[in-house]
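One-based numbering, in listed order, for ligands and for the atoms of each.
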Amino acid sequence: MNYVVVSRGDDDSNRMMHTFHHLAGIRGMTLNPEEPDIVISIGGDGTMLQAFHLYVHRLDRTSFVGIHTGHLGFFADWKAIELEQLIECVASSTPDNGMRQVHYPLVELEIVTSQGTRTHLALNEFTLKGVESTLVAQININDDLFEKFRGDGICISTPIGSTAYNKSLGGALLHPSLDVLQIAEIASINNRVYRTLGSSMVLPKHHHCDITPRPGQNLLLTLDHISEQRRDILSIRSRVSTQKISFARYRPFPFWRRVREAFLGYETNPDG
Ligand code: NAP
Ligand code: MN
């Protein structure tokens with residue numbers, strides 16, 4: 001079993017990374033940052049986003065697992081004190097002998113600029129926002145004009161990302177077994193000229209959405225934790241990717257329980 005650890009970089013996470021290397025060595029696991037079968041993220045959800053983008057080129061051959069060194073995370077579900085138990089699980093299962101995995105959908109975006117087309121995958125979401133002024137853009141769904149948007153921006157998220165930025169925008173929480181993407185507005189302006197739906201929309205697989213910004217605007221494009229400013233974006237097409245992320249799951253931790261524990265704080269039934 002080839003593995004790699006991605007640490008948030010704080011003292012706690014680094015200490016745990018060293019312990020992991022030590023115990024993994026004893027269990028016969030091989031540190032292989034080039035071709036890991038499993039990527040261990042130690043830190044928070046942001047650390048998993050980093051791990052995802054480091055190994056996005058080998059999603060079909062790699063699964064991910066997260067240990068949290070802060071509060072409970074959506075991606076990081078093992079606690080520091082469970083380290084030995086986790087290593088036991090990782091070391092005794094391989095992709096061939098039935099390592100249990102869950103596969104979650106990703107958003108694919110195709111950014112067209114005068115330089116050509118680039119494709120990216122998002123684990124949580126991508127957003128397009130205006131920098132000095134509002135974003136003005138036409139939105140097409142499946143090549144039909146849908147709306148003319150003016151406002152702070154647009155957020156297109158995955159189901160697993162629905163609990164992140166999307167939630168702050170009033171979007172719905174979507175179970176990650178759904179192969180869909182969600183379009184949420186960021187502070188849209190509505191008047192006679194610019195009229196948007198106002199509600200979030202959920203698009204199934206095989207549908208696509210094109211955002212065509214008015215040319216020449218200074219725009220901020222964010223992809224999970226990464227962001228860049230660009231003036232040359234001609235259009236962005238998004239759809240549910242045919243690729244998925246695989247998480248190694250050695251014990252059940254249902255999505256709705258994560259939601260309850262993260263947002264409502266109940267560890268157990270409040271009446272129980
Ligand atoms: P950050 O500022 O630390 O992230 C903001 C918060 O989102 C953190 O508490 C982070 O958890 C949490 N988070 C990340 N992914 C999540 C998920 N799938 N479900 C629930 N919570 C999640 O920055 P970061 O750690 O680099 O994460 C980047 C993400 O921040 C973006 O993908 C975006 O979703 C989110 N964000 C949210 C807002 C907003 O809600 N207004 C604005 C910008 C960005 P950890 O502390 O465990 O990392
Ligand atoms: Mn973070």
Side-chain angles (χ1 to χ4, degrees), residues 5-14 16-17 39-56 64-80 102-109 120-131 135 151-178 180-188 200 202 219-229 236 238 240-241 244-247 249 253-265:
V5 177
V6 177
S7 161
R8 180 165 50 197
D10 58 291
D11 289 348
D12 271 1
S13 304
N14 285 343
M16 202 171 314
M17 176 172 69
V39 176
I40 321 286
S41 150
I42 303 183
D45 287 331
T47 319
M48 183 63 83
L49 295 174
Q50 287 174 18
F52 168 77
H53 285 279
L54 276 174
Y55 291 99
V56 68
F64 295 78
V65 67
I67 304 172
H68 59 95
T69 49
H71 51 87
L72 168 91
F74 271 82
F75 298 123
D77 47 29
W78 290 79
K79 298 191 201 95
V102 288
H103 309 283
Y104 289 163
L106 302 167
V107 165
E108 177 186 294
L109 55 152
H120 297 278
L121 291 178
L123 176 56
N124 268 349
E125 79 285 293
F126 86 88
T127 70
L128 188 67
K129 300 184 205 178
V131 178
L135 164 72
D152 284 4
I154 308 274
C155 171
I156 301 202
S157 58
T158 64
I160 197 70
S162 67
T163 51
Y165 202 166
N166 170 73
K167 184 174 186 299
S168 307
L169 300 171
L173 302 197
L174 300 178
H175 193 276
S177 60
L178 297 168
V180 296
L181 61 76
Q182 181 165 191
I183 307 173
E185 301 179 354
I186 312 176
S188 59
S200 288
V202 176
L219 299 176
L220 180 71
L221 180 74
T222 74
L223 177 64
D224 296 332
H225 59 297
I226 306 158
S227 66
E228 64 173 11
Q229 279 188 38
I236 299 181
S238 48
V240 179
S241 174
K244 291 194 165 193
I245 183 171
S246 306
F247 289 104
R249 194 51 50 81
F253 193 176
F255 178 72
W256 298 120
R257 193 180 300 162
R258 281 167 204 262
V259 169
R260 186 191 69 205
E261 290 189 10
F263 297 114
L264 303 173

(message) Please evaluate residues Phe74 and Phe263 with respect to the criterion ring pair (Phe, Tyr, Trp, His ring centres under 6.0 Å), reporting the C-alpha separation (whole Å), side-chain torsions for both, the decisive distance (0.1 Å), and the verdict.
(response) CA-CA 11 Å; Phe74 271 82; Phe263 297 114; 5.6 Å; yes
(message) Checking side chain to side chain contact (heavy atoms under 4.5 Å, CB included) between Phe126 and each of Ser238, Ser227, Cys155, which is the one that passes?
(response) Ser238
(message) Please output the residues near ligand 1 using a strict heavy-atom distance under 4.0 Å, listed in chain and residue-number order.
(response) Gly44, Asp45, Gly46, Leu49, His71, Phe74, Phe75, Asn124, Glu125, Ile160, Thr163, Ala164, Tyr165, Ser168, Asp224, His225
(request) Measure up the Phe255 and His175 rings against each other and bin them: parallel (under 30°), tilted (30 to 60°), perpendicular (over 60°). (result) perpendicular
(request) Return each pair, listed once, that meets side chain to side chain donor-acceptor pair (under 3.5 Å) where at least one residue sits in residues 43-55; pairs must be two or more places apart or across chains. (result) His53-Asp224
(message) Within the 3.5 Å criterion, strictly below it, is a donor on Ser157 or Ser162 matched to an acceptor on the partner's side chain?
(response) no
(request) With the side chain counted from C-beta on, respond yes when Leu128 and Ile236 share a heavy-atom pair under 4.5 Å apart, and no when they do not. (result) yes
